[in-house]
Amino acid sequence: MLQQTTVAAVKDYFRRFTERWPRVEDLAAAEDAEVMSAWAGLGYYARARNLLACARTVTRSHNGRFPETAEGLQALPGVGAYTSAAIAAIAFDEPAAVVDGNIERVTTRLCLIETPLPSARREIRLEVERMTLSRRPGDFAQAMMDLGATICTPRRPACVLCPLALACKARATGRQEEFPHKLAKKAKPFRRGAAFVARRRSDGAVWLRRRPNQGMLGGMAEPPTTGWSSRSDGQLGIEAAPFDADWSAAGTVQHGFTHFDLQLEVFRADIDYIDDDDGWWAPAESIDQEALPTLMRSVIAAAFPELSAIRGPRS
DNA sequence: GAGTCGTGGGG
DNA sequence: TCCCCAAGACT
């Protein structure tokens, strides 16, 4: 959960996951849909699919026990260089080189690594391997991460409080805020599409479908939308509607993703039935139980502001 | 190696 | 308001 996500954002999700699925075999036995629903709002949804696949692998192929080496751990779905090293060091006392975003920043400053990210990663790893001792490797990794999170911060690092200040090569020349150097990022493209929110007259239920497992928001629920993939914009108007209804415009929703900005035209309609088996009616009172990413919650709220269950932060 | 993949908070 | 970035992984 903490991959590219702050502790504050993760905290409640972690609590709910571990209460609902306390043991790895509990999670392994869960349905895909309930895990995606519990992850909804946290982002990077491939992590949820990987976490579930990982729990099933550990339960079914490793006799319910996690591998105890970084190499073995990295073979699990969703467990890469950082996570495998962190678990090996913290849980199993293996002197593995743990390198996360914090440690990249600390190390480029400490060792004055001028090479820009991401190509600096190899040098950084070598320096971290050199600094990682066999004694208390897990505490060392967490100390370095906490140093980056609280003192060696991206802006205005608190060098006067830093235990490594005298050893820091960047600090010695007063250039600490320049690091890490980074390659210039390209401009975010702007993409458009349309979304269609249908509500059933009899009970106010909302028509949803499931997005394919691959790609953006993979495996998550949505009201029917046009394509808005990284390849191409979707169609924009009513003519792109998934089925015939008395559609009316309900404004637009803007959403920023990591690598593009998106604007969706939202249309809404009240209907009696749908001749379509590629979706389901989500009851109005329990629509917050659906695996709806934040973008799709905004879309539904734009179409039907009176649907109170959709509003506000997830709880 | 370079893209792809979410969301929210802080400066 | 805008930009940055967060206990990265995968293709």
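Since this is a predicted model, take the numbers as computed values, not measurements. Residue numbers begin at 1 in each chain, while the letters A, B, ... track the order of the sequences.
Between A:H259 and B:dG3 there is no side-chain N or O to OP1 or OP2 distance below 4.0 Å. Look at A:T5 and you won't find any side-chain N or O under 4.0 angstrom from OP1 or OP2 of B:dG6. Contact check, A:K186 against B:dG3: a side-chain N or O comes under 4.0 Å of OP1 or OP2. In terms of phosphate contacts, A:T294 brings a side-chain nitrogen or oxygen within less than 4.0 Å of OP1 or OP2 of B:dT7. The side chain of A:R297 places no N or O atom within less than 4.0 Å of a non-bridging phosphate oxygen (OP1 or OP2) of B:dT7. Under 4.0 angstrom from either OP1 or OP2 of B:dG6 there lies no side-chain N or O belonging to A:H255. Residue A:K182 has a polar side-chain atom (N or O) positioned under 4.0 Å from OP1 or OP2 of C:dC5. The phosphate of C:dC10 (OP1 or OP2) has no side-chain N or O of A:Y44 nearer than 4.0 angstrom. Using a 4.0 Å cut-off, some side-chain N or O of A:Q4 falls inside it from OP1 or OP2 of C:dG8.
No engagement by A:R49 is indicated, since no non-hydrogen atom pair under 4.0 Å with the nucleic acid exists. Within 4.0 Å of A:I103, counting heavy atoms only, lies no atom of the nucleic acid at all. At a threshold of 4.0 angstrom between heavy atoms, the contacts of A:G215 are confined to the sugar-phosphate backbone, with no base atom among them.
Separating the CD atom of A:E104 from the C1' atom of C:dC4 is a distance of 15 Å, rounded to the nearest angstrom. When rounded to the nearest whole Å, the span between CZ of A:F260 and P of B:dT4 equals 9 Å. Spacing between atom CZ of A:F14 and atom P of C:dA6 amounts to 21 Å, rounded to whole angstrom units. Distance A:M145 CE to C:dA7 P: 9 Å, rounded to the nearest Å. Between the P atom of B:dG6 and the CG atom of A:N50 lies a distance of 12 Å, rounded to the nearest Å. If you take CG of A:L117 and C1' of C:dC4, they are 14 Å apart, rounded to a whole angstrom. Distance A:R47 CZ to B:dT4 P: 19 Å, rounded to the nearest Å. Atom CG of A:D100 is separated from atom C1' of C:dA9 by 14 Å (rounded to the nearest Å).
More than 12 non-hydrogen atoms from other residues, nucleotides or ligands lie less than 6.0 angstrom from CG of A:D272. The environment of NZ in A:K11 is sparse: at most 12 heavy-atom neighbours from other residues, nucleotides or ligands sit within 6.0 Å.
Mapping A:T258 and A:S119 onto DNA chain B via the closest heavy atom, the residue that lands nearer the 5' end is A:S119. Between A:A81 and A:K185, the residue anchored nearer the 5' end of DNA chain C, judged by the nucleotide with its closest heavy atom, is A:K185. The 5' end of DNA chain B is approached more closely, in terms of each residue's nearest nucleotide, by A:F257 than by the other of A:A8 and A:F257. The 5' end of DNA chain C is approached more closely, in terms of each residue's nearest nucleotide, by A:R155 than by the other of A:R155 and A:G101.
Between A:F17 and A:F14, the distance from one ring center to the other does not fall under 6.0 angstrom.
Residue A:V99 is not grouped with residue A:I90 when hydrophobic side chains (ILVMFWY) are merged at heavy-atom distances under 4.5 angstrom, including chains of intermediate members. Hydrophobic clustering (ILVMFWY, side-chain heavy atoms < 4.5 Å, transitive): A:L164 and A:F140 are in one cluster.
Side-chain polar atoms of A:T69 and A:E94 form no donor-acceptor pair below 3.5 angstrom.
Atom name P, nucleotides B:dA2 and C:dA7: the rounded distance is 25 Å, in whole Å. For the C1' atoms, the distance from B:dG1 to C:dA9 is 15 Å, rounded to whole Å.
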